[in-house]
Amino acid sequence: MVSAEGVSRRFGGFRALEGVSLEVRPGEVFGLLGPNGAGKTTLIRILSGVLPPSEGRASVAGLDVRRQPDGVKAAIGYATQEASVYRDLTVRENLEFRARLYLGPKAVRPAVERTLGRFGLGEFAQKLAGALSGGWRQRLALAQAVVHGPRVLFLDEPTTGLDPLSRRAIWDLIHEEARAGASVLVTTHYMDEAERCTRLALLYGGRVLATGTPAELKALAQSQARFAFVRTQASPEALRAQPGVLEAWPSGDGVRLILEPGAQPPLELAPAMPSLEDVFVVLTRQGAAPPAGGAR
Ligand SMILES: Nc1ncnc2c1ncn2[C@@H]1O[C@H](COP(=O)(O)OP(=O)(O)OP(=O)(O)O)[C@@H](O)[C@H]1O
């Protein structure tokens, strides 16, 4: 449903994306995980038909993003934080406004009613969006993205700034969309959210470092490094000086370590499972430096 092949994007001499390939299938919540400036938003803008790629091909819902950008825009639902919500319109008006852009007059009302119900927004229908809490406004932004029944959803950091409970509620809704058959591409900085994705691409400096399920990515990291915990009063700095220790940071009553595969430092190590953050650390250490040529 969403496919990118060798997509690159330059801004002047700066390469924001470099040879990105990925595929998002129906029913899948595909995560784009990467630090600030990794190129996540640029990729979503390209896949939305808003920004043409400099090189490569991409298609969404069977439409080529370069040749049929307007068709792509009509086929997708897009939510970016809460920028798409008009605060001085009511919840219902926000949904109606969006639905009218895509649907014929007769279809608008049933679509809005259905969406209000599905997202639990019915009791707030007459409330100004600006008067909602952040969590409910994000929920409205997601409802707006799906009100016209798109088969492809692009969600750019849909939970930024929300508390854990509100984030969980939004993620439940995202998974509901996928279960109903949508192909969902979602960007996030949060590692716990990345764990909720069916598959992930780790984006760094405009390049895909690795793609896979959270379990596959952890297994990949485990094939390249050793993860351990040591109960100690020693500082992470002191432990980093030990032979074979790549990374060390405080954790609970000890220190978490990433070590070279065969390292045997004189420490009482307990094996630990890598987190997705650890995966990132290992893969970025492997010379996957950001592309040259950019000041940002
Ligand atoms: N229109 C533009 N002109 C010049 N540079 C741009 C433009 N859009 C993006 N960039 C640059 O491309 C790089 C990737 O930006 P992008 O917004 O895609 O990153 P991101 O992964 O979404 O970051 P964040 O997590 O901060 O949103 C950044 O260095 C950014 O400054």
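Ligands are counted one by one from 1 in listed order, and the atoms in each one are counted from 1 as well.
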At less than 4.0 angstrom from any non-hydrogen atom of [X], what atoms of ligand 1 do you find?
X: Lys40; value: 18 (O), 19 (O), 20 (P), 21 (O), 22 (O), 23 (O), 24 (P), 25 (O)
X: Pro35; value: 21 (O)
X: Thr42; value: 9 (C), 14 (C), 15 (O), 16 (P), 18 (O)
X: His189; value: 25 (O)
X: Glu157; value: 25 (O), 27 (O)
X: Ala38; value: 19 (O), 20 (P), 21 (O)

So do [Y] and [X] actually touch side chain to side chain, heavy atoms under 4.5 Å?
X: Trp136; Y: Val91; value: no
X: Phe154; Y: Val186; value: no
X: Leu276; Y: Leu217; value: yes

Any heavy atom of [X] closer to ligand 1 than 4.0 angstrom?
X: Gly34; result: no
X: Gly12; result: no
X: Arg9; result: no

With respect to [X], determine whether any N or O atom, backbone or side chain, lies less than 3.5 Å from an N or O atom of ligand 1.
X: Gly39; value: yes
X: Gly37; value: yes
X: Arg45; value: no

Looking only at side-chain N and O atoms, does Ser59 offer a donor or acceptor that is under 3.5 Å from a partner on Asp64?
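No donor-acceptor contact under 3.5 Å links the two side chains.
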Just by distance, with hydrogens left out, do Gln138 and Ser166 show a side-chain donor and acceptor under 3.5 Å apart?
no
With a sphere of 6.0 Å drawn around CZ of Arg231, does it hold more than 12 non-hydrogen atoms of other residues, nucleotides or ligands?
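At most 12 heavy atoms, drawn from other residues, nucleotides or ligands, come within 6.0 Å of this atom.
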Under 3.5 Å donor-acceptor, Glu28 side chain and Arg25 backbone:
yes
Matching residue for Ser183 among Ile76, Leu153, Val24 - test: side chain to side chain contact (heavy atoms under 4.5 Å, CB included)
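When Ile76, Leu153, Val24 are each tested with Ser183, the side chain to side chain contact (heavy atoms under 4.5 Å, CB included) holds only for Val24.
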